[in-house]
Amino acid sequence: MHAPLTIRMHAADNVAIVANDGGLAAGTVLADGLTLVDRVPQGHKVALRAISKDAAVLRYNVPIGFAMKDIAAGTWVHERLLHMPAARALHDLPQSTAPAWVDEPLTGYTFEGYRNADGSVGTRNILAITTTVQCVAGVVEFAVKRIKAELLPRFPHVDDVVGLEHSYGCGVAIDAPDAIIPIRTLRNISRNPNFGGEVMVVSLGCEKLQPERLLPPGSIALQSGEALDVVCLQSQSHVGFMSMVDSILASAQKHLERLNARRRETVPASELLVGVQCGGSDAFSGVTANPAVGFCTDLLVRAGATVLFSETTEVRDAVEQMTARATTPAVAQAMAREMAWYDAYLGRGQADRSANTTPGNKAGGLSNIVEKAMGSIIKSGTAPISAVLSPGEKANSKGLIYAATPASDFICGTLQLAAGMNMHVFTTGRGTPYGLAECPVIKVATRTELATRWHDLMDLNAGRIAEGKATIAEVGWELFHLLLAVASGEKKTWAEHWKLHNALVLFNPAPIT
Ligand code: CA
């Protein structure tokens, strides 16, 4: 039997979470002499002192809720005992008021990457086949299988071939204002640094999203003198299915030859463009994995790299902290604008930010979205926020960037790919086998029990922090070094090893017809 272990995040907090595997039984006496009134599951909160009705329950020194009745010290504090606070209004927010960040540059760190003509750097050398519409997905999937079997073995310097399948392109209100989001997402994913600047397109022919609308002249850098490379399935030249497949293979061969001629070169760590997100969170997310990611975020920003943090519903309750950290009032206003847009988007569906939390989150100890958000934003570290991207926009500056996305793992990952992500960091407490074909995903477990049980899915165990076996800084540095090793192709993530690939999922707030 291990000694009872609880974790309090801030000296002012009146709750702590139970760290022991399996939780703690009623009657357990904690180190400070407090006796548990109830059994408290792992990751769940115990009242450290009596909390009277309507008083704030503080975690991270933030009111995560208000007591619905008197709560005795030693009681299990779960969501059924709490009223959730209202969301902070989006006016009169602090703008760029945080004290200046002590920005000590971190120099001398490099990785081996693929330098692209536009200056960006890929961590993988992948042929991506852009599609204009879902109608072509089956044909492209068939062709990709043949490319992998027949062509790829002849091009050993190419890592993979990926069809960029999606559900958009036709049957949509393509002129609606919000249609810009899925369209620019697809456009910018085609330009992801891991695809080496090679763009080939498969279209159907009659769809709304025509190739020249998806990739208008000037939107991509083509080899000099070349036209956009499009295989159109309805072209009169295609007689029968095999003719289409042969056309796709012939086109792919040309791009594979150019990709195969590329070699990795030593580039500074500042060329990393890391997207961070979490999924399947528990109460340890904000204690172990996310703080370690936040420490690593600060290292990356100090090294001159770019870090994207996202997931608007998990940032909404921390909006004041975020706008205070903006480098300029204009960045703070852009952040508030994205939050307001998302509030309205949720409102159209008669929902609000509280729709975010899952049964698994609650089983893992997270009472509500406020508690989840406070643990989620720690991934952004302490650096100033230097830019804001609307959904699907491409990053064009360095530093810490707020890329506004839904928290949905697949949609967030898809939008971060569009922003130009070349490495992905994903934290999980409940456990998810998440992976992307387009970009390496490093998965960080919040608990040792998960990291042990899923030993061939989790890349890093931040649970050691809760056990006192490693510090947040130590795990943060491990993640930094792991990012450089995986980016260099020296190491593969478990998702790459097993080829676990989730679908691209577009964020389409516009109407379907
Ligand atoms: Ca997520």
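Heavy-atom basis, side chains included; hydrogens, waters and symmetry copies ignored. Atoms within a ligand are numbered from 1 in the order they appear, just like the ligands themselves.
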**Q.** Single hit among Lys45, Arg59, Arg80 for side chain to side chain donor-acceptor pair (under 3.5 Å) with Ser367
**A.** Lys45
Q.
At a threshold of 3.0 Å, where the distance has to be below it, does the Ca ion (ligand 1) have an N, O or S atom of Gly279 nearby?
A. no
(Q) Between Arg464 and Glu474, does any side-chain N to carboxylate O distance fall below 4.0 Å? (A) no
Q: Measure from the Ca ion (ligand 1) to each N, O or S atom of Glu314 and report whether any distance is below 3.0 Å.
A: no
Q | Geometry at the Ca ion (ligand 1) - Ala407 O versus Cys278 O angle, rounded to 10 degrees | A | 160°
Q. Taking the N/O/S atoms of Asp409 one by one, which is nearest to the Ca ion (ligand 1)?
A. OD1
**Q.** Shortest non-hydrogen separation from Leu272 to Ala487 and the atoms involved
**A.** CD2-CB, 3.7 Å
(Q) Report the atom name of the nearest N/O/S atom of Glu311 relative to the Ca ion (ligand 1). (A) OE2
Q: Applying side chain to side chain contact (heavy atoms under 4.5 Å, CB included), run through Phe426 and Thr432 and close with a yes or a no.
A: CA-CA 10 Å; Phe426 191 101; Thr432 161; 3.3 Å; yes
**Q.** Interatomic distance, Leu273 atom CG to Thr306 atom OG1 [nearest 0.5 angstrom]
**A.** 4.5 Å
Q. Quick check: does Cys412 put an N/O/S atom under 3.0 Å from the Ca ion (ligand 1)?
A. no
Q. Out of Asn356, Thr313, Asp317, which one pairs with Lys372 under the side chain to side chain donor-acceptor pair (under 3.5 Å) rule?
A. Asn356
Q) How about Ser310: does one of its N, O or S atoms come closer than 3.0 Å to the Ca ion (ligand 1)? A) no
